[in-house]
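One structure below.
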2 protein chains.
Amino acid sequence: MSIDHRSGCPINLSLEVFGDRWSLIILRDMIFGGKRHFRDLLNGSLERIASNILADRLKRLMELGMLTRADDPTHKQKAIYSLTEMAITLVPILAHLGAWGRVWLPVSEELSIRAELLEKGGPPMWEKFMDELRHEHLGTPSDTPPDATVRATLQAGYEAVVARKAAGAGCDAGA
Amino acid sequence: MSIDHRSGCPINLSLEVFGDRWSLIILRDMIFGGKRHFRDLLNGSLERIASNILADRLKRLMELGMLTRADDPTHKQKAIYSLTEMAITLVPILAHLGAWGRVWLPVSEELSIRAELLEKGGPPMWEKFMDELRHEHLGTPSDTPPDATVRATLQAGYEAVVARKAAGAGCDAGA
DNA sequence: GCAAACCGATTGCATTTCGCAATCAGTTGC
DNA sequence: GCAACTGATTGCGAAATGCAATCGGTTTGC
């Protein structure tokens, strides 16, 4: 507890929360990938986080109030991690971050389609997505059918790109 | 060149650019504080960056295409750092980051008034601010009078809070 | 002219964090 | 019973960070 902050500036304090190379990656996988278990996060992401770093960041994000942890009733050792409202409201920031990266950095097509769809959807889509996350992680009621979720839409876009690239390319279409 | 990236995900690539504790602080001071010289950045910010870290980050941000460096004609040793378009387009991200921090973190009132004004101004204000930065750093034409700039507006808001707090409190208003 | 202040860094060094591999104790499926 | 899986933990070399002192050169004050 009682971290001594460098300053009371909002941007600085935000950086003190997730100004490192892994915290936002974990939150990204939970938000967009629907990952909720330690092993999912460990093995699921492309960036190959180390298990000690993952354990440290999960603990830290819990202390900061971004995540909660609960026992999984189906498995005595499993833990389910949930996003808090504090983490769910990062969606617009992640959307902007993805949009910026898509313009300025060497993103791959299949991994940036989600960012593109989220950018085009704009704030209304972000709000809908946040409501879905609240339903999923906080148990609030929702009237969105499971096949019309924002996450399903993003996933469908991703798979369409993957399918198109696989079909259209003889060999090195990745270049 | 040719950094080997962890993945082609836009969010990951963005984090590889400024996923550390200092890069965005430096850009914040250049964007909102108008700092353009090494010493300004070294002594000006509240977070007290070390000179070797500052030198390293300036170099890194130049290599990444976020900053450029030019000789100052008024002083043979002075260097002027300028934002590139790539850095200027971070304004919406910084605005969201400030807005999020203001809600969830223990920000100080005088340092968060800028974030509040920027949030209330919304995208139109961000666009105006980016145009001003383009004029200031890239030399593009601008028709905004110097006393009506977004930065001046934010600064006036800051000073108003400082003045109010100083007036209302007897002695140690800084606390 | 000459010393003091200032300019953008650089160096050395102790501390902390990172990243990787191996491993742990307990749980489940079969 | 045993292999696979659960959320972690440990050890250790490498890298980053933070701090203070310093560098060679430039400008300012007088």
Side-chain angles (χ1 to χ4, degrees), chain A residues 3-7 12 15-27 29-30 33-64 66-83, chain B residues 3-7 12 15-26 29-30 33-64 67-83:
Chain A
I3 314 102
D4 52 331
H5 300 294
R6 301 188 299 190
S7 85
N12 171 61
L15 284 179
E16 291 188 17
V17 170
F18 44 75
D20 72 276
R21 287 173 115 61
W22 289 112
S23 298
L24 271 190
I25 294 289
I26 293 169
L27 292 168
D29 286 344
M30 290 188 69
K35 311 284 173 60
R36 311 212 37 188
H37 298 282
F38 190 94
R39 289 284 154 171
D40 293 340
L41 292 163
L42 185 64
N43 302 322
S45 81
L46 297 159
E47 291 88 5
R48 314 260 66 195
I49 188 170
S51 64
N52 55 344
I53 308 281
L54 175 59
D56 177 82
R57 291 303 187 280
L58 287 173
K59 185 178 151 202
R60 198 178 121 81
L61 289 171
M62 283 192 287
E63 288 169 356
L64 289 166
M66 308 267 287
L67 300 179
T68 57
R69 199 192 115 117
D71 292 334
D72 187 329
T74 71
H75 189 304
K76 285 188 180 173
Q77 259 183 327
K78 266 189 179 172
I80 300 182
Y81 293 93
S82 298
L83 301 167
Chain B
I3 314 102
D4 53 332
H5 300 293
R6 300 188 299 189
S7 85
N12 171 62
L15 284 180
E16 291 188 18
V17 170
F18 44 74
D20 72 276
R21 287 175 116 62
W22 289 112
S23 298
L24 271 190
I25 294 288
I26 294 169
D29 286 343
M30 291 189 68
K35 310 284 174 61
R36 311 212 35 188
H37 298 283
F38 191 94
R39 289 284 155 174
D40 293 341
L41 292 163
L42 185 63
N43 301 323
S45 81
L46 298 158
E47 291 89 5
R48 313 262 66 195
I49 189 171
S51 64
N52 54 348
I53 308 281
L54 175 58
D56 179 82
R57 290 303 186 281
L58 287 174
K59 184 178 149 201
R60 198 178 122 82
L61 289 171
M62 283 192 288
E63 289 168 355
L64 289 166
L67 300 179
T68 57
R69 198 192 115 117
D71 292 334
D72 186 330
T74 72
H75 190 304
K76 285 188 181 174
Q77 261 183 325
K78 267 188 179 173
I80 300 183
Y81 292 93
S82 298
L83 301 167

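Chain naming here is simple, since letters A, B, ... match the order of the sequence lines and numbering starts at 1 in each. Computed from a predicted model, the values in this text were never measured in an experiment.
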Counting only side-chain N and O atoms of B:H37, is one of them less than 4.0 Å from OP1 or OP2 of C:dC7? no
Check this one for me: any side-chain N or O of B:R57 less than 4.0 Å away from OP1 or OP2 of D:dT17? yes
Taking protein heavy atoms under 4.0 Å as touching, what does nucleotides 23-30 of chain D look like 5' to 3' if B marks base contact, S marks sugar-phosphate-only contact and - marks none? -BBSS---
Determine whether B:N12 and A:L46 make a side-chain contact, defined as any pair of heavy atoms from C-beta on separated by less than 4.5 Å. no
Whole-Å distance between C:dG8 P and B:K35 NZ? 13 Å
Rounded to the Å, how far apart are A:D56 CG and C:dT17 C1'? 9 Å
Interface with DNA chain C, restricted to residues 43-54 of chain A and to heavy atoms under 4.0 Å: A:A50, A:S51, A:N52, A:I53
What pairs with B:A50 under side chain to side chain contact (heavy atoms under 4.5 Å, CB included), at least two apart in sequence or on another chain? B:N52, B:I53
Non-hydrogen side-chain atoms of B:I80 and B:H37 separated by less than 4.5 Å: yes
Classify A:R6 by what it touches in the nucleic acid, base, sugar-phosphate, or nothing, heavy-atom distance under 4.0 Å. nothing
Please convert DNA chain C into dot-bracket. A pair counts if it is Watson-Crick or G-U wobble with both distances under 3.5 Å; crossing pairs go in [ ] and bases paired with another strand get |. ||||||||||||||||||||||||||||||
How far apart are the closest heavy atoms of A:L42 and A:I49, and which atoms are they? CD1-O, 3.4 Å
With sequence neighbours excluded, residues passing salt bridge (charged side-chain N to carboxylate O under 4.0 Å, His left out) with B:R60: none
Listed partners of B:A70 passing side chain to side chain contact (heavy atoms under 4.5 Å, CB included), at least two apart: none
A:V17 and A:S23: which non-hydrogen atoms are nearest, and at how many Å? O-OG, 4.2 Å
Rounded to whole Å, the CZ-P distance (A:F38 to D:dA4) equals 20 Å
Just the rounded figure in Å: distance from C1' of C:dA5 to NZ of B:K78. 13 Å
Sorted by chain and number, sequence neighbours left out, salt bridge (charged side-chain N to carboxylate O under 4.0 Å, His left out) with B:R6 holds for B:E16
Tell me the interatomic distance from A:L42, atom CG, to C:dA22, atom P, rounded to whole angstroms. 15 Å
Going by the salt bridge (Lys or Arg N to Asp or Glu O under 4.0 Å) test, which pairs reach into residues 34-50 of chain B, not counting sequence neighbours? B:R28-B:E47
Between A:R21 (CZ) and C:dC18 (C1'), how many Å, whole number? 11 Å
For A:D71, what residues pass the side-chain hydrogen bond (donor to acceptor under 3.5 Å, both in side chains) criterion, not counting sequence neighbours? none
Among residues at least two apart in sequence or on other chains, which ones pass side-chain hydrogen bond (donor to acceptor under 3.5 Å, both in side chains) with B:D72? B:T74
Go through the structure and list residues passing salt bridge (charged side-chain N to carboxylate O under 4.0 Å, His left out) with B:D20, not counting sequence neighbours. B:R57
Length of the CG-P vector between B:D72 and C:dC7, whole Å: 11 Å
A:I80 CD1 - D:dT6 P separation (whole Å): 13 Å
Looking at B:W22, does any N or O in its side chain come under 4.0 Å of the phosphate oxygens OP1/OP2 on D:dG18? yes
